[in-house]
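First comes the structure, then the notes that go with it.
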Amino acid sequence: MYLTKCAVCATELGLSSGKKCGRCSTRYCGAACQEQHWREGGHDKLCKKIKKAGGAEQYNANMKYVEAVTVAAEACAEDTKGQTCFICTQALHWKTKEGLVRGCSCRGTAGFAHVSCLVEQAKILFAEAEENNLGPKVKHERFKRWEKCSLCEQEYHGVVRCALGWACWKTYVGRPKTDPARRQAMSALGNGLYASGHYADALSMQEAELSRMRRLGLPEQHLLIAQGNLAITYQMLGRFEEANRIKRDVYSGFLKLKGEEDHYTIRAANNYAWGLYELERFEEVKTLLRKTIPAARRVFGESHNLTLRMRWSYARALYHDDDATLDDVRESVTTLEETERTARRVLGGAHPDVVGIEDSLRKARAMLCAGEGDTGSAVRALRELVAAMPPPGSSA
Ligand SMILES: [Zn+2]
Ligand SMILES: [Zn+2]
Ligand SMILES: [Zn+2]
Ligand SMILES: [Zn+2]
């Protein structure tokens with residue numbers, strides 16, 4: 001994550017203003033803060049250490065990584081009790097002594113690992129692709145190992161994704177700013193911060209990154225991806241209108257650039273639909289998703305988590321709409337039943353999406369029961385019950 005604040009007084013400095021320590025690149029708003037940091041803030045002792053680690057940005061990433069691994073291992077302690085790492089086969093990591101984590105869709109005794117071991121795996125896999133010059137497509141595929149489990153092939157979630165995001169960033173932050181791996185690492189970290197609920201951190205990083213990309217004049221596609229991530233963070237911070245304006249632009253941008261049957265366009269549509277849902281513009285949600293779900297099925301397949309999320313959103317828009325007919329509610333229940341079955345098979349019963357879909361299904365069923373008895377008042381009463389539901393999550 002870019003360090004954009006004065007190390008002493010936390011004044012926001014953006015990407016380039018202020019002063020830097022000549023040795024270690026720690027950033028300050030001006031000479032006064034720098035001097036104070038040296039005299040009273042312990043910088044006289046730390047400066048050498050930070051420089052040796054590779055500079056302030058690298059040093060910060062290293063520290064944050066260690067913190068994030070501790071948080072992840074603690075959060076997973078209960079779930080991983082008595083298990084061993086599928087990579088090194090030990091319970092405690094031989095070197096770091098860290099505990100195990102699991103934050104994917106592996107079930108039973110599968111998928112327990114040390115963050116350090118997952119990191120080694122991703123690092124080696126990508127380095128091999130670089131050494132053998134395996135081409136951008138293979139490199140891109142391999143880079144995904146930073147965000148996806150090699151056993152269940154699902155994305156990591158929560159604190160595990162956050163720890164891997166920091167690991168990824170600390171691995172590539174030292175590279176030139178135009179290096180593709182560094183750029184992907186930044187996005188992996190953004191996703192990790194987002195997945196673990198660090199929305200304000202994710203936002204400041206994404207805004208800095210977007211303005212840097214604009215300055216560099218990067219291709220439209222890169223800008224649209226960055227804007228899309230930014231919009232999702234706005235949404236999580238409750239800035240719905242801003243989020244939705246960007247999402248609409250990103251969607252129409254990709255539609256123009258790539259056409260309807262493209263995974264970027266479909267992702268953008270999913271995010272836009274989610275934003276419309278938050279604003280209770282259910283009619284637009286339905287129209288958009290009716291058009292996009294068939295494309296998602298063709299491009300990603302029935303059991304991809306994006307297809308599942310889109311069907312989930314569609315079903316919720318169906319029964320949430322004030323003008324919902326009994327047929328709409330019926331269609332909603334059928335859709336949710338199918339989605340739940342597939343999601344449970346692919347993601348496992350403990351996955352947050354599956355828990356959410358089940359919750360929606362319970363409510364849609366209740367609405368249907370009531371609706372079949374009395375189509376008027378019962379549906380209205382239940383609609384109020386349903387109104388307080390959490391949004392379907394969406395990752396960048
Ligand atoms: Zn300052
Ligand atoms: Zn220094
Ligand atoms: Zn291990
Ligand atoms: Zn897994």
Side-chain angles (χ1 to χ4, degrees), residues 3 5-8 13 18-60 62-63 69-70 72-73 76-77 79-80 82-125 144-161 163-164 167 195 303-305 343-354:
L3 296 168
K5 290 188 171 96
C6 170
V8 177
L13 302 172
K19 255 176 110 8
K20 272 181 182 174
C21 172
R23 288 186 204 86
C24 74
S25 299
T26 292
R27 296 183 66 186
Y28 305 100
C29 61
C33 275
Q34 184 173 9
E35 274 161 33
Q36 194 200 331
H37 207 214
W38 189 270
R39 265 187 282 112
E40 293 154 41
H43 195 77
D44 54 333
K45 294 195 185 70
L46 263 183
C47 185
K48 221 185 223 166
K49 203 172 152 195
I50 298 173
K51 182 182 187 270
K52 215 173 139 203
E57 204 71 69
Q58 181 77 59
Y59 183 77
N60 178 58
N62 296 352
M63 303 255 288
V69 172
T70 311
C76 297
D79 182 39
T80 60
Q83 304 293 340
T84 53
C85 173
F86 77 88
I87 298 169
C88 73
T89 72
Q90 302 298 310
L92 268 189
H93 190 269
W94 67 278
K95 193 168 165 200
T96 65
K97 307 291 175 217
E98 75 201 62
L100 295 161
V101 299
R102 185 167 72 173
C104 53
S105 291
C106 284
R107 272 154 273 182
T109 55
F112 295 104
H114 299 111
V115 175
S116 294
C117 293
L118 296 173
V119 168
E120 264 324 286
Q121 201 186 45
K123 219 190 260 181
I124 291 168
L125 209 61
K144 282 193 187 143
R145 197 49 72 229
W146 287 104
E147 300 192 80
K148 258 187 184 182
C149 170
S150 60
L151 302 176
C152 66
E153 283 298 332
Q154 296 300 321
E155 288 178 356
Y156 297 107
H157 47 79
V159 287
V160 175
R161 187 147 187 186
L164 284 164
S303 48
H304 192 276
N305 65 351
R344 177 174 280 280
R345 177 170 52 77
V346 179
L347 303 171
H351 194 280
D353 283 10
V354 179

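Note: hydrogens, waters and symmetry copies are ignored here, and every other heavy atom, side chains too, is used. Each ligand, and each atom within it, is numbered from 1 in the order the structure gives.
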Taking the side chain as every heavy atom from C-beta outward, state whether Leu100 and Cys76 have any atom pair closer than 4.5 Å. no
What is the name of the N/O/S atom in His114 that sits closest to the Zn ion (ligand 3)? ND1
Once rounded to 10 degrees, what value does the angle at the Zn ion (ligand 4) take between SG (Cys104) and SG (Cys106)? 110°
Measure from the side-chain N and O atoms of Glu98 to the backbone N and O of Val115, and report whether any donor-acceptor pair falls under 3.5 Å. yes
Output field for angle at the Zn ion (ligand 2), Cys21.SG vs Cys47.SG, rounded to 10°, should show 110°
Would a 4.5 Å heavy-atom cut-off, applied to side chains only, mark Thr80 and Val101 as touching? no
The Zn ion (ligand 3) to nearest N/O/S of Cys88 below 2.8 Å: yes
Looking only at heavy atoms, which two atoms of Phe86 and Ala113 are closest? And how far apart? CE2-CB, 3.7 Å
